[in-house]
Amino acid sequence: MAHVSKDSATLLPNSLRGKICRIVAQRTGVEPQMNDTFASLGVDSLAMAEIMCEIENACGFRADESLLDIESIGELCEYVEDRAGNDAE
């Protein structure tokens with residue numbers, strides 16, 4: 001079995017993190033890593049809104065205003081995992 005860094009966006013392609021990273025990659029043209037910031041990927045507020053809309057649809061939850069504090073892919077993944085888990089209850 002090959003070792004893959006947990007920072008790799010391709011680690012779990014069917015997981016929430018995998019879905020999120022695929023959506024971000026489609027929008028930016030770059031395969032994101034967990035420590036990448038949206039600014040470093042060239043994501044502005046409009047692109048972030050579009051990304052979140054796609055993530056909401058793919059993961060089945062609604063974002064709230066705390067989304068505005070998210071700066072990195074890793075933070076976004078944690079946010080989505082928390083929200084998707086809470087909405088499923």
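A salt bridge links R17 to E81: one of the charged nitrogens lies within less than 4.0 Å of a carboxylate oxygen. Between R27 and E54 there is a salt bridge, since at least one side-chain N of the basic residue sits less than 4.0 Å from a carboxylate O of the acidic one.
The shortest heavy-atom contact between V24 and I73 is CG1-CD1, 3.8 Å. L67 approaches M48 most closely through the heavy-atom pair CD1-CE, 4.0 Å. Taking all atoms of both residues into account, the shortest heavy-atom contact from Y79 to A63 is OH-CA, 3.2 Å. Heavy-atom minimum distance, I51 versus V43: CD1-CG1, 4.1 Å.
Expressed to the nearest 0.5 Å, how far CG of L76 lies from CZ of F38 amounts to 4.5 Å. To the nearest 0.5 Å, the span separating CG on N57 from NZ on K19 amounts to 11.5 Å. To the nearest 0.5 Å, atom OG of residue S72 and atom CG of residue N35 are 8.0 Å apart.
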*Can I55 and F61 be said to form a side chain to side chain contact (heavy atoms under 4.5 Å, CB included), step by step?*
CA-CA 8 Å; I55 291 171; F61 77 98; 3.9 Å; yes

*Can you check side chain to side chain contact (heavy atoms under 4.5 Å, CB included) on M34 and C21, steps first, answer last?*
CA-CA 9 Å; M34 291 298 116; C21 289; 3.3 Å; yes

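Judged by distance alone, with hydrogens and angles left aside, the side-chain atoms of S40 form no donor-acceptor pair with the main-chain N or O of D36 at under 3.5 Å. Of the possible polar contacts, one joining the R83 side chain to the R62 backbone as a donor-acceptor pair under 3.5 Å is found.
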